[in-house]
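Bear in mind the structure is a predicted one, so any value in this text is a computation, not a measurement. The chains referred to below are lettered A, B, ... by the order of the sequence lines, with proteins before strands, and numbering in each begins at 1.
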Amino acid sequence: MADDAKAGGGLSFKPMDQFEVKSLFGGEIGTFTLTNVTFWLVMAVLAVIALMVLTTSKRAVVPGRGQSIAELLYGFVYKMVEDVTGKDGIKYFPYIMTLFMFILCANFLGLIPMSFTTTSHIAVTAILGFGVFIAVTVLGFVKNGASFLSLFWVSSAPLALRPILAIIEIISYFVRPVSHSIRLAGNMMAGHAVLKVFAGFAQVAAIAPLAIIGVMAIYGLEVLVSAIQAYVFTILTCVYLKDALHPHH
Amino acid sequence: MATETTSAAEAAGPGMPQLDVTTFGNQIFWLLIALVVIYFVLSRVALPRIAGILAERQGTITNDLAAAEDLKARASEAEAAYDKALADARAEAQRIAGETRAAIQGDLDAAIAKADAEISAKAAESEKAIGDIRAGAQEAIKEVAADAAKDIVALMGGKADARSITAAVNARMKG
């Protein structure tokens with residue numbers, strides 16, 4: 001323990017450094033500056049292109065590995081949209097697929113050591129979350145007019161309870177984009193920070209093996225979380241879309 | 001361990017980069033560009049292409065199933081034809097075998113009849129020869145017996161005439 005205490009003095013934990021937005025070529029960060037955010041967003045775009053476009057270029061009837069993955073992702077999201085929103089939700093499938101592919105690729109790219117996780121930033125996920133919220137709300141009013149408000153009027157409940165339920169429903173409706181975006185950013189940030197903390201403990205020789213095993217275990221968990229959060233974000237988008245298309249309980 | 005955690009807490013330093021508002025504009029700008037690019041890539045290229053591939057595969061599978069059904073029908077047809085040919089061939093073989101058997105039987109019967117006739121002819125011939133031999137033998141025996149009887153009678157001191165001795169020998173021979 002004496003060794004530990006001595007080494008402990010030199011330990012430096014900077015679990016949040018990895019989330020810093022830095023300019024690629026120096027200088028102040030303005031709206032149009034090329035930053036590490038730009039770089040990893042471009043990487044995400046390239047990953048989506050590699051995964052969905054390059055793999056399917058042969059249009060093989062009997063798919064290879066890459067094409068199988070592309071078809072699997074397509075079928076997975078398509079079925080999700082169809083199951084949750086119904087047949088009339090299919091025309092919004094490209095938008096939902098865009099969200100899913102972006103979040104999935106950004107999450108997995110963030111797991112590359114030394115990389116930057118764009119989806120761990122609240123600014124990014126808030127745009128996604130509020131984008132879905134605004135789109136769904138506008139769509140609800142366009143499709144259903146004022147009857148979209150019946151979403152908050154639970155007709156199956158006793159009449160006396162309905163105003164109370166309406167208040168609860170309205171609050172929960174407006175909390176949706178907040179929880180929707182913070183869930184994703186929070187999960188990604190927490191996982192990466194924990195990874196960094198474990199990596200920091202690896203500086204101490206005595207507990208380094210344990211810390212490295214810990215890093216490996218958390219990394220495995222993070223792979224799972226990356227995929228699950230992309231799935232959760234997408235299926236919640238589908239649920240909100242269903243509310244907009246069919247607001248009547 | 002306690003010292004490490006406190007030093008970690010100290011080293012964590014100020015605030016989360018996520019809450020640094022000055023970088024929000026930059027992030028949002030590039031995010032929107034990335035999303036628009038991904039949307040156009042997916043909706044213009046990737047998704048129609050994958051939908052096409054899946055539809056084509058479904059079509060191929062349906063066609064193949066129909067073709068398989070067709071081939072199966074043809075196979076069972078061919079099997080029926082084969083069975084019929086086999087039955088025909090078997091009947092034909094049976095007929096030919098019957099015919100052959102009848103022809104052989106006829107030949108055989110004729111040969112047997114011929115052989116029987118030859119055998120009976122030979123037998124009759126032999127019988128006649130045996131009869132002749134037997135008759136010859138009988139004559140010889142009679143002669144020998146008569147001579148012997150004459151000699152015996154002569155030895156006994158009698159005198160015998162040839163006719164009575166022959167009659168006696170004949171009577172003995174018959175008896």
Side-chain angles (χ1 to χ4, degrees), chain A residues 1 4-5 8-9 11-17 19-21 29-35 37-38 41-42 44-45 48-49 51-53 56-57 59-63 67 70-71 74-75 78 93-95 97-99 101-102 105 118 120-124 127-128 131 185 189 197 200-201 204, chain B residues 1-69 71:
Chain A
M1 284 309 280
D4 278 11
L11 265 184
S12 62
F13 288 93
K14 291 187 179 114
M16 304 311 274
D17 277 10
F19 301 120
E20 254 169 45
V21 177
I29 295 172
T31 305
F32 310 112
T33 318
L34 294 172
T35 57
V37 180
T38 318
L41 285 172
V42 169
V45 173
V48 171
I49 291 172
L51 209 54
M52 301 301 284
V53 178
T56 56
S57 58
R59 297 162 193 267
V61 173
V62 179
Q67 194 182 318
E71 285 174 13
Y74 179 96
Y78 191 90
F93 166 63
Y95 299 98
M97 190 70 183
T98 303
L99 282 178
M101 288 311 297
F102 168 71
C105 290
T118 47
S120 70
H121 271 260
I122 197 74
V124 169
I127 290 296
L128 297 174
M189 186 189 74
V197 169
F201 276 121
V204 184
Chain B
M1 290 297 278
T3 49
E4 279 161 24
T5 20
T6 44
S7 70
E10 281 163 14
M16 290 160 54
Q18 276 87 349
L19 300 180
D20 180 3
V21 187
T22 56
T23 64
F24 276 18
N26 180 274
Q27 293 192 53
I28 291 166
F29 171 72
W30 291 112
L31 172 69
L32 290 178
I33 287 181
L35 286 179
V36 168
V37 171
I38 292 175
Y39 173 74
F40 278 105
V41 166
L42 286 180
S43 65
R44 294 289 135 90
V45 185
L47 301 183
R49 187 188 281 176
I50 295 173
I53 292 168
L54 294 179
E56 192 187 334
R57 178 171 313 146
Q58 198 56 47
T60 310
I61 289 170
T62 313
N63 285 346
D64 283 1
L65 282 180
E69 203 68 36
L71 286 175

Quick check on [X] against chain A: is it the side chain, the backbone, both or neither that has a heavy atom closer than 4.5 Å?
X	answer
L35(B)	both
L31(B)	both
I53(B)	side chain
I33(B)	neither
E56(B)	side chain

Look at [options] and state which one has the largest set of heavy-atom pairs under 4.5 Å with chain B.
options	result
T56(A), I122(A), L34(A), L128(A)	T56(A)
E71(A), M52(A), M189(A)	E71(A)
T38(A), I49(A), V45(A), I29(A)	T38(A)

Donor on one side chain, acceptor on other, N26(B) and T35(A), under 3.5 Å: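 Note: N26(B) and T35(A) side chains meet the donor-acceptor criterion.
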Proximity breakdown for Y78(A) and chain B, heavy-atom pairs closer than 4.5 Å: neither
A185(A) versus chain B, the contacting section by heavy-atom distance below 4.5 Å: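 Neither part, no heavy atoms under 4.5 Å.
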Nearest-0.5 Å distance that lies between atom CD in E20(A) and atom OG1 in T23(B):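 One finds 10.0 Å between CD of E20(A) and OG1 of T23(B).
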Under 3.5 Å: donor-acceptor pair, side chain of H121(A), backbone of F19(A):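 Such a contact is found between H121(A) side chain and F19(A) backbone.
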Measure the shortest side-chain to side-chain distance between [X] and [Y] over non-hydrogen atoms and say whether it is less than 4.5 angstrom.
X	Y	answer
P94(A)	L47(B)	yes
V48(A)	F102(A)	no
C105(A)	M101(A)	yes
W30(B)	V42(A)	no

